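For reference, the structure discussed in these notes is given below.
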Amino acid sequence: MKVTTLSRQARCRQPRRRQIQYLHCASLPYCCCGRELAEGMTDRALVMGGGGVLGIAWMVGLTAAWKEAGVDLGSADLVVGTSAGSVVGTLIRYGVDPAQLTHLVAAGMGLPPAAVAKVATGAGLTEDEWVGLFQAPLGDVPWPEKPLRISAVDAETGEPVMWTNASGIPLARALASSCAVPGLLPTVLINGRRYVDGGAWSGTHADQAAGFRRVLIVAPMGGPKYPRGHEMLQKERAALEADGSRVLTVLPDPATLQVFGDNLMDPARIFDALENGRRQGAEAALQVRSFWA
């Protein structure tokens with residue numbers, strides 16, 4: 001089980017990625033530069049990274065095992081979601097029972113087989129169809145009340161954005177933009193601009209958790225197998241540590257990586273990814289519970 005814990009004495013410092021577009025400031029107890037407005041640090045942040053449909057399945061398996069062990073991820077003071085992690089993070093924010101999610105994932109993400117095939121290959125999938133896959137189960141449900149940040153990237157400028165409940169856009173469209181894998185899935189139009197997968201900038205956007213005492217990062221693509229995601233996560237984790245956060249990072253182990261293979265969008269391996277998530281989650285449950293409690 002690849003789990004790493006880091007800690008260091010707190011020092012107040014601005015996060016390094018200053019070019020990001022912050023789209024709200026009011027709903028969290030710190031300003032847009034990441035500095036605390038109140039004395040001390042906010043407690044817990046959960047960061048869920050990108051990783052395709054297999055990453056979703058693996059993270060659902062993890063969260064189900066941790067829930068059984070008494071770990072309530074929904075108690076996080078902030079949830080940051082990127083791509084696959086935006087889906088799982090949103091479901092956690094709504095308090096959906098992980099046990100129910102495992103049944104949904106095992107049944108093909110609750111999508112018709114034709115829709116699963118289109119998502120896996122991108123063939124013939126229109127923007128309206130893509131957004132509709134998120135809109136259908138969500139309807140007009142409002143954003144969760146507790147802080148949730150969903151990453152995306154401006155398709156023209158390459159700059160990252162963070163959608164929040166103050167962004168004034170439907171949650172389904174925010175999720176669709178965060179999951180819009182470049183070159184595979186349709187870009188998503190929001191306020192006159194087109195957006196792609198938040199993973200085009202960072203697989204985790206863990207620097208969004210600056211100012212939190214404890215940061216739990218779940219990163220399907222955070223290990224050495226994915227050099228770009230691994231390098232970015234290492235930098236983000238080091239910056240959090242330098243600012244005084246304790247960081248616990250959970251990565252796929254070798255058995256899970258074998259299931260992932262070379263195509264994280266392969267629906268044929270969803271169940272195996274789910275089961276490996278449950279296995280890894282059970283193995284790490286005591287450490288995660290101790291860290292999160």
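In this text, all values refer to a predicted model and were calculated from it rather than measured experimentally. Sequential numbering from 1 along the given sequence is applied to the chain's residues.
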Problem set entry | Worked verdict on Thr90 versus Phe134 for side chain to side chain contact (heavy atoms under 4.5 Å, CB included) | CA-CA 12 Å; Thr90 296; Phe134 297 89; over 6 Å; no
For this session: Applying side chain to side chain contact (heavy atoms under 4.5 Å, CB included), run through Thr157 and Arg193 and close with a yes or a no.
Result: CA-CA 10 Å; Thr157 66; Arg193 303 194 66 84; 3.6 Å; yes
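Using a 4.5 Å heavy-atom threshold, the side chains of Arg173 and Val188 count as touching. Using a 4.5 Å heavy-atom threshold, the side chains of Val88 and Val60 count as touching. Side-chain contact between Gln280 and Leu62: present, with at least one pair of heavy atoms (C-beta onward) separated by less than 4.5 Å. Residues Pro186 and Thr126 are not in side-chain contact: their nearest non-hydrogen atoms beyond the backbone lie 4.5 Å or more apart. Side-chain contact between Thr42 and Leu78: absent, with no pair of heavy atoms (C-beta onward) separated by less than 4.5 Å. Put simply, the side chain of Asp197 does not reach to within 4.5 Å of the side chain of Leu185, judged on heavy atoms. Side-chain contact between Ser151 and Trp201 is absent, with no heavy-atom pair separated by less than 4.5 Å. Taking the side chain as every heavy atom from C-beta outward, Val196 and Thr187 approach each other to under 4.5 Å.
When every heavy atom of Ile190 is checked against every heavy atom of Tyr195, the shortest pair comes out as O-CE1, 3.6 Å. In terms of heavy atoms, Pro160 sits closest to His205 at CB-CE1, 3.9 Å. Pairing each heavy atom of Leu251 with each of Ala219, the nearest pair is CD2-O, 3.5 Å. Considering every non-hydrogen atom in both Trp66 and Leu73, the closest pair reads CE3-CD1, 3.9 Å.
The side-chain hydrogen bond (donor to acceptor under 3.5 Å, both in side chains) pairs that include a residue from residues 216-230 number zero, where partners must be two or more places apart or lie in different chains. Residue pairs that meet the side-chain hydrogen bond (donor to acceptor under 3.5 Å, both in side chains) test with at least one member in residues 175-185, sequence neighbours left out, are Trp163-Ser177.
Around atom CD of Gln258, no more than 12 heavy atoms belonging to other residues, nucleotides or ligands sit under 6.0 Å away. Heavy atoms of other residues, nucleotides or ligands lying less than 6.0 angstrom from CD of Glu156 number 12 at most.
When the side chains of ILVMFWY residues are joined at heavy-atom separations under 4.5 Å, either directly or via intervening members, Leu189 and Leu175 end up in two distinct hydrophobic clusters. Linking ILVMFWY residues whenever their side-chain heavy atoms come closer than 4.5 Å, directly or via other members, leaves Val259 and Met265 in distinct clusters. Cluster annotation: Leu286 and Val218 are assigned to distinct hydrophobic clusters (Ile/Leu/Val/Met/Phe/Trp/Tyr, side-chain heavy-atom contacts under 4.5 Å, transitive).
In this structure, Arg194 pairs ionically with Glu127, as a charged nitrogen and a carboxylate oxygen lie closer than 4.0 Å. The residues Glu275 and Arg279 are annotated as not salt-bridged, no charged nitrogen and carboxylate oxygen being separated by less than 4.0 angstrom.
With no hydrogens or angles considered, a side-chain donor-acceptor pair links Trp292 and Ser75 at under 3.5 Å.
Going from atom CG of Asp72 over to atom OG1 of Thr63 covers 11.0 Å, rounded to the nearest 0.5 Å. Between atom CG of residue Leu248 and atom CZ of residue Arg237 there is a gap of 10.0 Å, rounded to the nearest 0.5 Å.
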